[in-house]
There are 2 protein chains.
Amino acid sequence: MDFIDYLDSRPIYEQIASRYKQLILTGVLSPNEKLPSVRKLAMELSTNPNTVQKAYAMLEREGYLYSVKGRGNFVRENDSLIDQKKDELKGKMKELIKEIQDLGLDPQELFTAALEEAEEDDRD
Amino acid sequence: MDFIDYLDSRPIYEQIASRYKQLILTGVLSPNEKLPSVRKLAMELSTNPNTVQKAYAMLEREGYLYSVKGRGNFVRENDSLIDQKKDELKGKMKELIKEIQDLGLDPQELFTAALEEAEEDDRD
DNA sequence: AAACTGTATTAGAATCTATAGTACAGTATG
DNA sequence: CATACTGTACTATAGATTCTAATACAGTTT
(Lines give C-alpha, C1' and ligand atoms only; values in the text may rest on other atoms or scores of the structure.)
Protein backbone atom coordinates (compact mmCIF):
# COMPACT_ATOMS: atom_id res chain seq x y z
CA MET A 1 0.00 0.00 0.00
CA ASP A 2 2.58 2.59 -1.05
CA PHE A 3 0.06 5.32 -1.60
CA ILE A 4 1.83 8.47 -0.76
CA ASP A 5 4.68 9.83 -2.81
CA TYR A 6 6.24 12.75 -1.03
CA LEU A 7 8.04 13.72 -4.23
CA ASP A 8 4.63 14.15 -5.80
CA SER A 9 3.62 17.77 -5.47
CA ARG A 10 -0.07 16.93 -5.25
CA PRO A 11 -1.64 17.07 -1.80
CA ILE A 12 -1.93 13.79 0.07
CA TYR A 13 -5.72 13.69 0.05
CA GLU A 14 -5.63 13.99 -3.73
CA GLN A 15 -3.12 11.18 -4.08
CA ILE A 16 -5.29 8.95 -1.91
CA ALA A 17 -8.40 9.84 -3.90
CA SER A 18 -6.82 9.24 -7.27
CA ARG A 19 -5.42 5.89 -6.17
CA TYR A 20 -8.85 4.76 -5.02
CA LYS A 21 -10.44 6.02 -8.21
CA GLN A 22 -8.16 3.73 -10.13
CA LEU A 23 -8.80 0.75 -7.87
CA ILE A 24 -12.53 1.25 -8.24
CA LEU A 25 -12.57 1.88 -11.97
CA THR A 26 -10.40 -1.12 -12.72
CA GLY A 27 -12.58 -3.37 -10.61
CA VAL A 28 -9.86 -4.24 -8.12
CA LEU A 29 -12.42 -3.16 -5.56
CA SER A 30 -15.89 -4.57 -6.11
CA PRO A 31 -19.15 -2.67 -5.76
CA ASN A 32 -20.36 -2.52 -2.16
CA GLU A 33 -16.96 -3.57 -0.89
CA LYS A 34 -16.00 -1.82 2.32
CA LEU A 35 -13.07 0.55 2.34
CA PRO A 36 -10.71 0.88 5.30
CA SER A 37 -12.02 3.22 7.98
CA VAL A 38 -10.64 6.73 8.02
CA ARG A 39 -8.75 6.00 11.22
CA LYS A 40 -7.31 2.71 10.05
CA LEU A 41 -6.15 4.04 6.69
CA ALA A 42 -4.68 7.09 8.39
CA MET A 43 -2.64 4.79 10.61
CA GLU A 44 -1.49 2.73 7.66
CA LEU A 45 -0.38 5.77 5.68
CA SER A 46 1.05 7.53 8.70
CA THR A 47 -1.15 10.49 8.04
CA ASN A 48 -4.07 12.16 9.73
CA PRO A 49 -7.66 10.85 9.83
CA ASN A 50 -8.83 14.24 8.61
CA THR A 51 -6.70 13.94 5.51
CA VAL A 52 -8.23 10.57 4.70
CA GLN A 53 -11.67 11.94 5.46
CA LYS A 54 -11.07 14.70 2.94
CA ALA A 55 -10.15 12.17 0.28
CA TYR A 56 -13.21 10.06 1.03
CA ALA A 57 -15.50 13.10 0.97
CA MET A 58 -14.09 14.00 -2.42
CA LEU A 59 -14.68 10.50 -3.73
CA GLU A 60 -18.23 10.57 -2.42
CA ARG A 61 -18.91 13.91 -4.08
CA GLU A 62 -17.69 12.50 -7.40
CA GLY A 63 -19.81 9.38 -7.10
CA TYR A 64 -17.16 6.79 -6.37
CA LEU A 65 -18.33 5.95 -2.87
CA TYR A 66 -21.32 5.99 -0.63
CA SER A 67 -20.87 6.40 3.04
CA VAL A 68 -22.96 5.19 5.95
CA LYS A 69 -22.47 6.80 9.31
CA GLY A 70 -21.32 4.26 11.84
CA ARG A 71 -20.69 1.55 9.26
CA GLY A 72 -18.12 2.80 6.78
CA ASN A 73 -17.46 3.82 3.20
CA PHE A 74 -18.43 1.52 0.36
CA VAL A 75 -17.66 1.27 -3.35
CA ARG A 76 -20.39 2.33 -5.77
CA GLU A 77 -21.40 0.45 -8.91
CA ASN A 78 -18.77 1.33 -11.48
CA ASP A 79 -20.59 1.02 -14.80
CA SER A 80 -21.58 4.67 -15.04
CA LEU A 81 -18.32 5.69 -13.38
CA ILE A 82 -16.33 4.38 -16.31
CA ASP A 83 -18.38 6.41 -18.77
CA GLN A 84 -17.93 9.43 -16.56
CA LYS A 85 -14.17 8.90 -16.41
CA LYS A 86 -14.03 8.37 -20.14
CA ASP A 87 -15.62 11.77 -20.69
CA GLU A 88 -13.12 13.29 -18.33
CA LEU A 89 -10.20 11.76 -20.20
CA LYS A 90 -11.65 12.83 -23.53
CA GLY A 91 -11.84 16.37 -22.16
CA LYS A 92 -8.20 16.27 -21.14
CA MET A 93 -7.28 14.89 -24.54
CA LYS A 94 -9.19 17.68 -26.24
CA GLU A 95 -7.31 20.34 -24.30
CA LEU A 96 -4.01 18.76 -25.18
CA ILE A 97 -5.01 18.59 -28.84
CA LYS A 98 -5.91 22.26 -28.81
CA GLU A 99 -2.59 23.16 -27.26
CA ILE A 100 -0.85 21.20 -30.00
CA GLN A 101 -2.88 22.83 -32.73
CA ASP A 102 -2.28 26.29 -31.30
CA LEU A 103 1.41 25.76 -31.99
CA GLY A 104 0.75 24.66 -35.54
CA LEU A 105 1.74 21.05 -34.86
CA ASP A 106 -0.05 17.91 -36.01
CA PRO A 107 -1.93 16.13 -33.21
CA GLN A 108 -2.16 12.79 -34.98
CA GLU A 109 1.58 12.66 -35.59
CA LEU A 110 2.37 13.52 -32.00
CA PHE A 111 -0.17 11.03 -30.71
CA THR A 112 1.26 8.21 -32.79
CA ALA A 113 4.78 8.94 -31.60
CA ALA A 114 3.64 9.04 -27.98
CA LEU A 115 1.68 5.82 -28.32
CA GLU A 116 4.71 4.06 -29.72
CA GLU A 117 6.84 5.25 -26.83
CA ALA A 118 4.22 4.18 -24.34
CA GLU A 119 4.18 0.70 -25.82
CA GLU A 120 7.96 0.56 -25.77
CA ASP A 121 7.83 1.35 -22.06
CA ASP A 122 5.41 -1.53 -21.56
CA ARG A 123 7.78 -3.99 -23.19
CA ASP A 124 10.61 -3.06 -20.80
CA MET B 1 -3.28 42.48 -23.61
CA ASP B 2 -5.81 40.62 -21.47
CA PHE B 3 -3.24 38.36 -19.86
CA ILE B 4 -4.56 37.67 -16.45
CA ASP B 5 -7.66 35.63 -15.82
CA TYR B 6 -8.62 35.82 -12.19
CA LEU B 7 -10.95 32.88 -12.65
CA ASP B 8 -7.90 30.85 -13.63
CA SER B 9 -6.55 29.13 -10.55
CA ARG B 10 -2.99 29.27 -11.81
CA PRO B 11 -0.76 31.91 -10.24
CA ILE B 12 -0.34 35.16 -12.16
CA TYR B 13 3.37 34.65 -12.87
CA GLU B 14 2.54 31.33 -14.47
CA GLN B 15 -0.19 32.81 -16.62
CA ILE B 16 2.18 35.49 -17.85
CA ALA B 17 4.88 32.95 -18.59
CA SER B 18 2.61 30.59 -20.50
CA ARG B 19 1.19 33.43 -22.58
CA TYR B 20 4.68 34.52 -23.58
CA LYS B 21 5.70 30.95 -24.33
CA GLN B 22 2.89 30.79 -26.83
CA LEU B 23 3.72 34.16 -28.40
CA ILE B 24 7.33 33.11 -28.80
CA LEU B 25 6.67 29.60 -30.11
CA THR B 26 4.13 30.79 -32.64
CA GLY B 27 6.50 33.45 -33.91
CA VAL B 28 4.29 36.38 -32.97
CA LEU B 29 7.40 37.64 -31.23
CA SER B 30 10.57 37.44 -33.31
CA PRO B 31 13.98 36.32 -32.09
CA ASN B 32 15.91 39.14 -30.39
CA GLU B 33 12.77 41.21 -30.08
CA LYS B 34 12.65 43.17 -26.86
CA LEU B 35 9.98 42.35 -24.30
CA PRO B 36 8.34 45.02 -22.16
CA SER B 37 10.36 45.90 -19.08
CA VAL B 38 9.30 44.31 -15.84
CA ARG B 39 8.06 47.64 -14.54
CA LYS B 40 6.14 48.58 -17.68
CA LEU B 41 4.42 45.22 -17.99
CA ALA B 42 3.56 45.27 -14.31
CA MET B 43 1.87 48.64 -14.82
CA GLU B 44 -0.02 47.36 -17.86
CA LEU B 45 -1.30 44.28 -16.05
CA SER B 46 -1.95 46.14 -12.82
CA THR B 47 0.31 43.75 -11.00
CA ASN B 48 3.61 43.89 -9.20
CA PRO B 49 7.06 44.13 -10.85
CA ASN B 50 8.19 41.18 -8.75
CA THR B 51 5.46 39.01 -10.21
CA VAL B 52 6.54 39.86 -13.74
CA GLN B 53 10.16 39.34 -12.78
CA LYS B 54 9.27 35.87 -11.55
CA ALA B 55 7.64 35.03 -14.86
CA TYR B 56 10.61 36.35 -16.83
CA ALA B 57 13.09 34.43 -14.66
CA MET B 58 11.07 31.29 -15.31
CA LEU B 59 11.11 31.91 -19.05
CA GLU B 60 14.84 32.50 -18.97
CA ARG B 61 15.44 29.29 -17.03
CA GLU B 62 13.48 27.38 -19.65
CA GLY B 63 15.34 28.93 -22.54
CA TYR B 64 12.69 31.24 -23.95
CA LEU B 65 14.48 34.47 -23.15
CA TYR B 66 17.86 35.92 -22.54
CA SER B 67 18.25 38.90 -20.34
CA VAL B 68 20.79 41.71 -20.34
CA LYS B 69 21.16 43.83 -17.26
CA GLY B 70 20.32 47.43 -18.00
CA ARG B 71 18.95 46.68 -21.46
CA GLY B 72 16.05 44.29 -21.11
CA ASN B 73 14.74 40.81 -21.84
CA PHE B 74 14.89 39.45 -25.37
CA VAL B 75 13.34 36.55 -27.26
CA ARG B 76 15.60 33.60 -28.03
CA GLU B 77 15.79 31.81 -31.34
CA ASN B 78 12.75 29.56 -31.42
CA ASP B 79 13.87 26.68 -33.64
CA SER B 80 15.15 24.52 -30.81
CA LEU B 81 12.37 25.79 -28.56
CA ILE B 82 9.74 24.24 -30.78
CA ASP B 83 11.50 20.87 -30.63
CA GLN B 84 11.75 21.24 -26.89
CA LYS B 85 8.05 22.06 -26.59
CA LYS B 86 7.18 19.18 -28.87
CA ASP B 87 8.96 16.79 -26.54
CA GLU B 88 7.11 18.27 -23.62
CA LEU B 89 3.76 17.79 -25.33
CA LYS B 90 4.68 14.26 -26.33
CA GLY B 91 5.47 13.56 -22.68
CA LYS B 92 2.09 14.87 -21.61
CA MET B 93 0.43 12.80 -24.29
CA LYS B 94 2.29 9.72 -23.11
CA GLU B 95 1.08 10.17 -19.55
CA LEU B 96 -2.47 10.58 -20.73
CA ILE B 97 -2.18 7.46 -22.87
CA LYS B 98 -0.90 5.49 -19.90
CA GLU B 99 -3.79 6.68 -17.76
CA ILE B 100 -6.19 5.56 -20.47
CA GLN B 101 -4.52 2.18 -20.82
CA ASP B 102 -4.48 1.67 -17.06
CA LEU B 103 -8.28 1.74 -17.17
CA GLY B 104 -8.39 -0.79 -19.98
CA LEU B 105 -9.60 1.75 -22.54
CA ASP B 106 -8.42 2.23 -26.11
CA PRO B 107 -6.24 5.32 -26.58
CA GLN B 108 -6.68 5.55 -30.34
CA GLU B 109 -10.47 5.48 -30.07
CA LEU B 110 -10.51 8.16 -27.39
CA PHE B 111 -8.03 10.29 -29.33
CA THR B 112 -10.11 10.13 -32.51
CA ALA B 113 -13.25 11.13 -30.65
CA ALA B 114 -11.47 14.04 -28.96
CA LEU B 115 -9.95 15.21 -32.24
CA GLU B 116 -13.36 15.26 -33.86
CA GLU B 117 -14.79 17.31 -31.04
CA ALA B 118 -11.87 19.71 -31.20
CA GLU B 119 -12.47 20.25 -34.89
CA GLU B 120 -16.17 20.76 -34.32
CA ASP B 121 -15.27 23.48 -31.83
CA ASP B 122 -13.13 25.14 -34.49
CA ARG B 123 -15.99 25.27 -36.94
CA ASP B 124 -18.23 27.13 -34.47
C1' DA C 1 -21.75 -1.15 27.58
C1' DA C 2 -17.72 -1.00 24.77
C1' DA C 3 -15.54 -0.49 20.54
C1' DC C 4 -15.95 0.50 16.30
C1' DT C 5 -17.73 3.56 12.34
C1' DG C 6 -18.48 8.66 9.90
C1' DT C 7 -18.76 13.67 10.51
C1' DA C 8 -18.01 18.47 12.23
C1' DT C 9 -15.48 22.08 14.31
C1' DT C 10 -11.62 24.72 15.74
C1' DA C 11 -6.80 25.86 15.98
C1' DG C 12 -2.11 26.00 14.59
C1' DA C 13 2.13 25.17 11.53
C1' DA C 14 4.08 25.22 6.99
C1' DT C 15 4.16 26.51 2.31
C1' DC C 16 3.00 29.23 -1.77
C1' DT C 17 1.54 33.42 -3.97
C1' DA C 18 1.43 38.17 -4.37
C1' DT C 19 2.38 42.75 -2.88
C1' DA C 20 5.46 46.45 -1.30
C1' DG C 21 9.48 48.98 -0.52
C1' DT C 22 14.26 49.52 -0.97
C1' DA C 23 18.72 49.05 -2.86
C1' DC C 24 22.27 48.21 -6.23
C1' DA C 25 24.24 47.55 -10.94
C1' DG C 26 24.36 48.22 -15.80
C1' DT C 27 22.67 50.90 -20.17
C1' DA C 28 20.84 54.64 -23.07
C1' DT C 29 20.25 59.35 -23.96
C1' DG C 30 20.20 64.11 -23.33
C1' DC D 1 28.14 63.76 -16.72
C1' DA D 2 23.28 63.51 -15.17
C1' DT D 3 19.07 61.45 -15.63
C1' DA D 4 16.05 57.95 -16.63
C1' DC D 5 15.61 53.79 -17.99
C1' DT D 6 16.83 48.67 -17.65
C1' DG D 7 17.52 43.92 -14.61
C1' DT D 8 18.33 41.85 -10.09
C1' DA D 9 18.37 41.03 -5.05
C1' DC D 10 16.63 41.29 -0.52
C1' DT D 11 13.38 41.73 3.28
C1' DA D 12 8.81 42.03 5.17
C1' DT D 13 3.99 41.25 5.15
C1' DA D 14 -0.64 39.40 4.06
C1' DG D 15 -3.66 35.90 2.35
C1' DA D 16 -4.79 31.27 0.78
C1' DT D 17 -4.09 26.42 0.80
C1' DT D 18 -2.62 22.20 2.82
C1' DC D 19 -1.91 19.42 6.57
C1' DT D 20 -1.88 18.13 11.35
C1' DA D 21 -4.10 17.82 15.80
C1' DA D 22 -7.45 17.53 19.36
C1' DT D 23 -12.05 17.16 20.48
C1' DA D 24 -16.81 16.25 20.17
C1' DC D 25 -20.96 14.11 18.54
C1' DA D 26 -23.82 10.61 16.09
C1' DG D 27 -24.73 6.09 14.42
C1' DT D 28 -23.60 0.76 14.23
C1' DT D 29 -21.84 -3.59 15.73
C1' DT D 30 -20.81 -6.97 19.09
Side-chain angles (χ1 to χ4, degrees), chain A residues 1-21 24 29-76, chain B residues 1-21 24 29-76:
Chain A
M1 292 286 178
D2 49 330
F3 268 42
I4 303 177
D5 177 4
Y6 285 99
L7 300 180
D8 192 329
S9 65
R10 291 179 308 161
I12 294 176
Y13 74 91
E14 206 176 307
Q15 293 187 42
I16 295 173
S18 83
R19 171 62 69 97
Y20 269 102
K21 280 186 193 177
I24 292 169
L29 298 177
S30 310
N32 300 312
E33 188 170 340
K34 189 174 177 306
L35 274 70
S37 76
V38 290
R39 289 172 181 82
K40 198 174 283 177
L41 185 56
M43 283 284 289
E44 244 179 65
L45 303 181
S46 303
T47 184
N48 191 279
N50 290 340
T51 304
V52 177
Q53 161 63 14
K54 193 164 185 178
Y56 279 7
M58 194 184 192
L59 288 169
E60 195 188 8
R61 216 178 329 118
E62 297 183 25
Y64 287 82
L65 302 180
Y66 62 92
S67 113
V68 185
K69 203 187 269 186
R71 295 196 55 223
N73 287 279
F74 303 86
V75 177
R76 269 213 194 286
Chain B
M1 293 287 178
D2 50 329
F3 269 43
I4 303 176
D5 177 4
Y6 285 99
L7 299 180
D8 192 330
S9 65
R10 292 179 308 161
I12 295 176
Y13 75 91
E14 206 176 306
Q15 293 187 42
I16 296 173
S18 82
R19 170 63 68 97
Y20 269 103
K21 280 187 194 177
I24 292 169
L29 297 177
S30 310
N32 301 312
E33 189 171 339
K34 189 173 176 306
L35 273 71
S37 76
V38 291
R39 290 172 180 84
K40 198 174 281 177
L41 185 57
M43 282 284 289
E44 243 180 65
L45 303 180
S46 303
T47 186
N48 193 280
N50 290 339
T51 304
V52 176
Q53 161 64 13
K54 194 165 184 178
Y56 279 7
M58 194 183 192
L59 289 169
E60 194 188 10
R61 216 179 328 118
E62 297 183 25
Y64 288 81
L65 302 181
Y66 61 92
S67 113
V68 185
K69 205 186 268 187
R71 294 195 54 224
N73 286 280
F74 304 86
V75 178
R76 268 214 196 285

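- A sub-4.0 Å separation between OP1 or OP2 of dT17(C) and a side-chain N or O of Thr51(B) is absent.
- For Arg71(B) against dG26(C), a side-chain-to-base donor-acceptor contact under 3.5 Å is absent.
- The nearest whole Å value for the distance from the OH atom in Tyr56(A) to the C1' atom in dG6(C) is 11 Å.
- The separation between Asn73(A) atom CG and dT28(D) atom P is 15 Å, rounded to whole Å.
- For the pair Gly70(A) and Asn50(A), both in contact range of DNA chain D, the more 5′-proximal nearest nucleotide belongs to Asn50(A).
- Distance OG/Ser46(B) to CD1/Ile12(B): 10.0 Å, rounded to 0.5 Å.
- Regarding Lys69(B), its NZ atom lies at a distance of 11 Å from the C1' atom of dT6(D), rounded to whole Å.
- Distance, Asp8(B) CG to dT17(C) P: 13 Å, rounded to whole Å.
- Looking at every heavy atom in both residues, Arg10(A) comes nearest to Ser18(A) through NH1-OG, 3.5 Å.
- For the pair Tyr13(B) and Gly72(A), nearest-nucleotide mapping onto DNA chain C gives the more 5' position to Gly72(A).
- Among dT18(D), dT19(C), dG7(D), the nucleotide with an atom closest to any side-chain atom of Ile12(B) is dT19(C).
- Exactly one residue among Tyr56(B), Phe74(B), Tyr20(B) makes a side chain to side chain contact (heavy atoms under 4.5 Å, CB included) with Leu65(B). That residue is Tyr56(B).
- A close approach under 4.0 Å does occur between a side-chain nitrogen or oxygen of Ser37(A) and OP1 or OP2 of dT5(C).
- Rounded to whole Å, the distance from CZ on Phe74(A) to C1' on dT29(D) is 12 Å.
- Protein atom CG of Leu41(A) is 14 Å distant from nucleotide atom P of dC19(D), rounded to whole Å.
- If you take CE of Met58(B) and P of dC16(C), they are 14 Å apart, rounded to a whole angstrom.
- Distance CG/Leu59(A) to CZ/Arg76(A): 11.5 Å, rounded to 0.5 Å.
- Rounded to whole Å, the distance from CZ on Arg39(A) to P on dG6(C) is 7 Å.
- When each of Asn48(A) and Pro36(B) is assigned the nucleotide of DNA chain D bearing its nearest heavy atom, the one mapping closer to the 5' terminus is Pro36(B).
- Lys40(B) NZ: 12 or fewer foreign heavy atoms inside a 6.0 Å radius.
- Considering only side-chain N and O atoms, Thr47(B) lies nowhere under 4.0 angstrom from the phosphate OP1 or OP2 of dA18(C).
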